[in-house]
Amino acid sequence: MEGRLLKKYGESNHRPYQCFMGKWEGLCKTFSVEGQFIESTPVHMDVYWTDDQSWHLYEHFENLYEVGNTVFDTDIKVEGKCCYASNDMISLDGRELTPYNYVFNIESKVSKTLVLNNHYFIDPNTRRIITHKMRGGKSHVFQIQDFVRIIQP
């Protein structure tokens with residue numbers, strides 16, 4: 001922005017990751033690398049703050065592709081627009097790109113894939129996640145998850 005003056009837009013009332021908070025119900029659709037539909041499964045999600053710099057993600061896939069009934073219970077640390085987590089199931093890092101668009105890289109020890117997620121909020125209570133799963137450095141499957149927030153803060 002060299003040569004440009006920054007404008008004063010006022011104080012931000014936005015908190016990174018706040019838009020994730022609440023109880024969500026969704027459907028995960030899985031597609032082959034050729035774009036053919038494979039299957040779908042319900043997903044139940046509960047997301048809440050545990051302290052000022054941490055949030056908790058509870059995510060239950062009734063039938064995670066190639067794995068089956070799976071629950072992810074993950075504590076996530078926030079540093080500015082970035083977040084991080086690591087446990088026996090996953091290693092995760094995320095970034096806020098805009099107040100309603102986030103990207104996550106997840107090493108899944110459960111599905112043995114690298115999960116590249118793009119979360120975007122269609123409106124405050126409707127979220128879509130587009131996922132590219134890789135295994136062995138190659139595209140494995142693609143997924144689209146659509147969520148509706150049923151309980152909000």
Side-chain angles (χ1 to χ4, degrees), residues 1 12 14-50 53-153:
M1 298 193 87
S12 172
H14 171 74
R15 179 181 185 185
Y17 303 97
Q18 178 60 38
C19 55
F20 284 84
M21 301 306 132
K23 187 164 177 56
W24 301 81
E25 292 294 326
L27 188 65
C28 176
K29 287 90 52 194
T30 302
F31 299 85
S32 70
V33 293
E34 295 80 26
Q36 298 299 314
F37 174 76
I38 298 173
E39 67 179 26
S40 63
T41 188
V43 183
H44 317 282
M45 190 179 295
D46 196 13
V47 186
Y48 54 90
W49 291 103
T50 56
Q53 298 299 313
S54 303
W55 50 286
H56 188 83
L57 169 66
Y58 172 90
E59 187 174 25
H60 173 206
F61 287 84
E62 290 188 14
N63 183 29
L64 182 64
Y65 180 68
E66 297 182 325
V67 176
N69 190 9
T70 305
V71 172
F72 293 95
D73 232 348
T74 309
D75 291 317
I76 300 171
K77 284 288 209 191
V78 174
E79 294 177 10
K81 291 185 172 198
C82 303
C83 71
Y84 307 93
S86 186
N87 61 31
D88 292 342
M89 299 177 85
I90 65 164
S91 178
L92 167 152
D93 70 86
R95 304 287 181 274
E96 176 194 68
L97 301 181
T98 73
Y100 297 99
N101 191 272
Y102 294 77
V103 292
F104 291 85
N105 297 323
I106 304 164
E107 293 275 349
S108 175
K109 298 166 194 151
V110 175
S111 64
K112 298 176 182 35
T113 56
L114 172 61
V115 180
L116 305 172
N117 278 347
N118 180 343
H119 293 241
Y120 69 95
F121 290 77
I122 297 166
D123 63 46
N125 295 309
T126 310
R127 174 168 42 132
R128 172 166 275 180
I129 305 169
I130 299 177
T131 300
H132 180 186
K133 285 189 175 180
M134 300 179 71
R135 187 177 283 156
K138 296 183 179 181
S139 295
H140 180 59
V141 293
F142 297 95
Q143 293 175 318
I144 296 174
Q145 298 179 61
D146 291 301
F147 285 93
V148 172
R149 183 173 9 211
I150 59 168
I151 299 176
Q152 63 184 0

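Only heavy atoms go into these numbers, but all of them, side chains included; no hydrogens, no water, no symmetry mates. Because the structure is a prediction, the values reported are computed rather than measured.
- Across all their heavy atoms, Tyr100 and Cys19 have their closest contact at CE2-CB, 3.9 Å.
- Here Asn105 pairs with nothing under the side chain to side chain donor-acceptor pair (under 3.5 Å) rule; sequence neighbours left out.
- Scanning for salt bridge (Lys or Arg N to Asp or Glu O under 4.0 Å) contacts around Lys29 gives Asp146, with sequence neighbours left out.
- Judged by distance alone, the side chain of Tyr102 and the main-chain N or O of Tyr17 form a donor-acceptor pair under 3.5 Å.
- Take Tyr58 and apply the ring-ring contact (aromatic ring centres under 6.0 Å, His included) test, not counting sequence neighbours, and it matches no residue.
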Before you tell me yes or no, could you show the steps for Asn117 and Ile106 under side-chain contact (heavy atoms from CB on, under 4.5 Å), namely the whole-Å CA-CA distance, both residues' side-chain angles and the distance that decides it to 0.1 Å? CA-CA 8 Å; Asn117 278 347; Ile106 304 164; 3.7 Å; yes

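- Here Tyr48 and Trp55 keep their ring centres 6.0 angstrom or further from each other.
- Contact between Cys83 and Phe104 at its shortest, heavy atoms only, is SG-CE2, 3.5 Å.
- Exactly one of Leu27, Thr41, Thr70 qualifies for a side-chain contact (heavy atoms from CB on, under 4.5 Å) with Glu62. That residue is Thr41.
- The heavy-atom pair separating Val43 from Cys28 by the smallest distance is CG2-CB, 3.7 Å.
- In this structure the side chain of Met89 never reaches within 4.5 angstrom of the side chain of Glu107, judged on heavy atoms.
- Judged as a side chain to side chain donor-acceptor pair (under 3.5 Å), and not counting sequence neighbours, the contacts of His119 are Arg127.
- Counting all heavy atoms, side chain and backbone alike, Met21 lies closest to Pro153 at O-CD, 3.6 Å.
- Not counting sequence neighbours, the partners of Arg15 by the side chain to side chain contact (heavy atoms under 4.5 Å, CB included) test are Gln18, Trp49.
- Among all heavy-atom pairs drawn from Val33 and Val141, the shortest one is CG1-N, 4.3 Å.
- Legend: residues meeting side chain to side chain donor-acceptor pair (under 3.5 Å) with Lys109, ordered by chain and number and at least two apart, are absent.
- Under the salt bridge (Lys or Arg N to Asp or Glu O under 4.0 Å) criterion, Glu39 pairs with no residue, sequence neighbours left out.
- A salt bridge (charged side-chain N to carboxylate O under 4.0 Å, His left out) check over residues 130-144, counting only residues at least two apart or in different chains, returns the pairs Glu66-Arg135.
- Scanning both residues, Ile38 and Phe31, for their nearest heavy atoms gives CD1-C, 3.7 Å.
- Not a single donor-acceptor pair under 3.5 Å links the side chain of Arg128 to the backbone N or O of Asn118.
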Which pairs of donor and acceptor atoms, one on a side chain in residues 72-81, lie under 3.5 Å apart (sequence neighbours left out)?
from, atom 1, to, atom 2, distance (Å)
Asp73, OD1, His56, NE2, 2.7
Asp75, OD1, His56, ND1, 2.6
Lys77, NZ, Ser54, OG, 3.2

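- Residue pairs satisfying the ring pair (Phe, Tyr, Trp, His ring centres under 6.0 Å) criterion with at least one member in residues 134-153, sequence neighbours excluded, are listed as follows: His132-Phe142.
- To the nearest 0.5 Å, atom CD of residue Gln145 and atom CH2 of residue Trp24 are 12.0 Å apart.
- Contact check for Ile144 versus Thr131: no side-chain heavy atoms found under the 4.5 Å cut-off.
- Take Glu25 and apply the side chain to side chain donor-acceptor pair (under 3.5 Å) test, not counting sequence neighbours, and it matches His44.
- In terms of modelled atom types and a separation under 3.5 Å, the side chain of Thr113 and the main chain of Val115 share no donor-acceptor contact.
- With sequence neighbours left out, Asp93 forms a salt bridge (Lys or Arg N to Asp or Glu O under 4.0 Å) with Arg95.
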